[in-house]
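Note: hydrogens, waters and symmetry copies are ignored here, and every other heavy atom, side chains too, is used. What you are looking at is a predicted structure, and each value in this text was computed from that prediction instead of being measured. First listed ligand is number 1; within each ligand, the first listed atom is number 1. Counting from 1, the numbers follow the sequence of the chain as shown.
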Amino acid sequence: MEITRGERTEEMTQYIFVTGGVVSGLGKGLTSAAIGTLLESHGLKIALQKFDPYINVDPGTMSPFQHGEVYVTPDGAETDLDLGHYERFTSCEISQHSNYTTGKIYSSVIQRERRGDYLGKTVQVIPHITDEIKESISRVGSTDVDVVITEIGGTVGDIESLPFLEALRQFGHQHGRENVLFIHLTLLPFIKASGEIKTKPTQHSVGRLREIGILPDILVCRTEIDVEQEVCDKLALFCNVPTESVFIEKDVETSIYELPLVLRQQQMDKRILDHFNREPGSGNMDNWIEVVESLKNPQNEVEIGVVGKYIELTDSYKSIYEALTHGGIANNARVRFRRIQAEDLANGDPAAVLGGVDGILVPGGFGERGLEGKVNTIRYARENNIPFFGICYGMHAAVIEYSRNVLGIQEASSTEIHKDTPDPVITLLQDQHDVSEKGGTMRLGGWPCRFDESSTCFKEYGMTDVSERHRHRYEFNNDYRERLKEAGLRISGTSPDGELVEVVEVENHPWFVACQYHPEFQSKPFAAHPLFKGFVSASLERRTRGV
Ligand code: GLN
């Protein structure tokens with residue numbers, strides 16, 4: 001193909017692969033996202049992607065106890081929560097191609113096999129699975145992307161990671177070393193008794209990678225304490241990388257948003273640009289410096305009660321906590337969380353548990369456990385004029401609460417919880433009735449929503465039409481719409497045709513918004529989602545007024 005000057009081809013896209021060693025849970029997702037931040041500061045267009053070596057096709061059917069939050073892409077894929085970090089740290093566009101599991105790779109190969117696409121050949125891990133993996137990397141490396149950053153879940157040495165690592169090795173070989181960069185993230189354990197930092201696990205882990213044929217270009221080492229230069233020199237020598245390619249990622253003091261600055265201080269951006277033979281851009285990261293400054297020295301403080309079902313697992317509501325923190329940054333306030341198990345509010349006086357909070361948020365959830373506690377919580381927020389934010393299941397609970405306690409429909413419920421309730425104020429839509437498969441069958445991804453101009457939502461967003469991401473099966477039942485409206489429940493946002501109720505608000509309340517969608521997926525540290533910004537602001541106002 002003839003290339004004219006200034007025109008790009010896919011071959012110009014360069015690739016970073018981030019692997020992990022020694023132990024899992026080192027924060028590969030955050031590190032990958034922070035690397036994306038650095039590259040964007042030099043004007044590069046990046047894409048981020050994650051491979052998960054488990055067999056589930058996606059995490060959509062996995063329990064929050066197993067997996068944490070299920071992150072939803074605009075095109076409706078249920079994906080790993082690391083994609084949330086990718087979106088919060090960068091302006092990359094994510095889609096269903098941003099997350100592949102072993103299950104997703106295999107199911108696509110098996111479908112092709114059933115269609116006869118392999119023309120009678122024996123279908124094998126190598127080359128068919130590895131080819132599919134390589135194709136899925138190239139799929140995000142479109143013509144306008146400069147650098148693709150692909151993170152490989154799990155730890156080097158796991159049996160299930162092997163096909164992915166073999167695919168990366170081949171990819172590196174085929175695209176040329178100057179276009180592919182391998183970053184390996186490990187842990188340097190500190191042995192208290194001898195007061196020493198240990199490099200041996202990292203050496204072994206790099207050794208395992210080398211057996212597979214991957215030579216890491218950059219090492220990133222997590223530590224709890226400062227590390228002497230001597231340790232970096234030793235790692236460089238035994239792991240076969242230049243000393244300037246050993247980076248230390250000491251635990252951050254205040255916030256994960258410090259990470260891009262920590263890596264920049266060690267000039268990781270320069271190292272990567274040199275490898276790719278790219279000119280640096282401005283490297284301006286002033287907005288990150290401001291974010292960190294505001295997190296370290298906020299002028300105010302506010303306490304938000306989060307009442308949910310998976311409250312002991314902070315990962316299950318990851319994006320909610322992040323979005324609340326962003327709302328805090330926008331209001332120059334530290335947001336403290338009071339995490340409350342919904343079941344604890346099923347009986348007794350809610351004030352005993354919720355007393356003193358400045359705002360209350362009820363997040364999404366599934367199943368019966370915790371519903372009554374959430375309903376009691378919402379009643380408490382509504383009757384005591386405490387700013388309230390309900391999300392998805394939290395919106396269902398708000399509609400149930402209003403129907404029961406304001407309209408007096410005692411048995412109002414959701415058919416998710418009470419199949420035969422005489423008053424299903426939340427119910428399945430007709431086309432959901434026949435769904436028997438569990439995975440990927442909900443209302444998923446970005447859907448348009450139109451706001452009433454007299455609503456709090458319109459005021460917060462400053463516009464009438466938005467797109468927000470959904471993940472649910474049950475909906476507001478229009479049979480109750482008029483009665484609820486007459487009783488003071490404002491239908492403030494609907495689908496543009498007016499059919500689906502997307503947001504309800506309580507009139508004559510300082511701030512009461514309950515939405516069917518998940519706004520937390522579209523919030524960034526320096527661009528808080530308008531509803532989180534507004535909610536934190538209303539909570540702050542309540543605190544300063546001292547009501
Ligand atoms: N369980 C509810 C439904 O499926 C709400 C889901 C959610 O909160 N994400 O409709």
Side-chain angles (χ1 to χ4, degrees), residues 58-65 67-74 76-81 83-84 306-311 313 315-321 323 342-343 360-375 377-378 388-401 403 412-419 421 424-447 449 468-478 480 493 495 499-504 513-522 529 531:
D58 63 41
T61 54
M62 282 157 99
S63 146
F65 291 100
H67 189 272
E69 171 181 89
V70 173
Y71 195 79
V72 182
T73 62
E78 298 174 274
T79 67
D80 186 79
L81 58 77
L83 273 70
V306 180
V307 181
K309 178 173 167 183
Y310 313 110
I311 217 73
L313 310 160
D315 267 4
S316 301
Y317 302 120
K318 186 107 212 146
S319 297
I320 300 259
Y321 291 126
E343 274 173 310
I360 295 174
L361 186 147
V362 175
F366 291 81
E368 181 175 0
R369 185 165 71 81
L371 175 71
E372 295 308 320
K374 289 176 185 170
V375 168
T377 299
I378 297 167
F388 172 76
F389 196 1
I391 293 175
C392 205
Y393 196 80
M395 180 256 203
H396 295 179
V399 174
I400 293 169
E401 191 279 321
S403 308
S413 191
S414 159
T415 52
E416 175 180 8
I417 313 302
H418 299 112
K419 263 201 161 27
T421 170
V425 290
I426 302 293
T427 188
L428 279 183
L429 286 188
Q430 208 44 48
D431 53 359
Q432 283 280 14
H433 275 292
D434 308 326
V435 172
S436 60
E437 271 197 29
K438 282 240 165 20
T441 54
M442 293 189 255
R443 179 145 81 101
L444 284 166
W447 286 72
C449 174
E468 290 280 7
R469 295 181 210 168
H470 290 243
R471 178 173 183 254
H472 58 102
R473 217 169 251 123
Y474 296 83
E475 304 272 355
F476 181 100
N477 184 348
N478 282 330
Y480 294 85
S495 52
E499 274 306 301
L500 299 167
V501 172
E502 306 288 37
V503 194
V504 298
V513 175
C515 52
Q516 180 61 84
Y517 50 76
H518 289 274
E520 69 272 22
F521 293 146
Q522 297 201 73
H529 185 285
L531 290 182

Exercise. CE/Met395 to CD1/Ile426 distance, rounded to the nearest 0.5 angstrom?
Worked result: 5.5 Å
Exercise. Could you give the distance from OG (Ser319) to NE2 (His529), rounded to the nearest 0.5 Å?
Worked result: 12.0 Å
Exercise. So, are Arg473 and Glu416 salt-bridged, with charged N and O less than 4.0 Å apart?
Worked result: no
For this session: Return yes if a side-chain donor-acceptor contact under 3.5 Å exists between Glu69 and His518, otherwise no.
Result: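 The answer is no; no qualifying pair exists.
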For this session: Mind jotting down which protein residues get a heavy-atom contact under 4.0 Å with ligand 1? Chain and number order, please.
Result: Gly364, Gly365, Phe366, Cys392, Tyr393, His396, Glu416, Arg471, His472, Arg473, Tyr474, His518
For this session: Apply salt bridge (charged side-chain N to carboxylate O under 4.0 Å, His left out) to Glu475 and list each qualifying residue two or more places apart in sequence or on a separate chain.
Result: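 Partners of Glu475 by the salt bridge (charged side-chain N to carboxylate O under 4.0 Å, His left out) criterion, ordered by chain and then number, come out as Arg443.
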Problem set entry | Pair Phe521 + Tyr71: ring centers closer than 6.0 Å |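 Phe521 vs Tyr71: aromatic centres under 6.0 Å.
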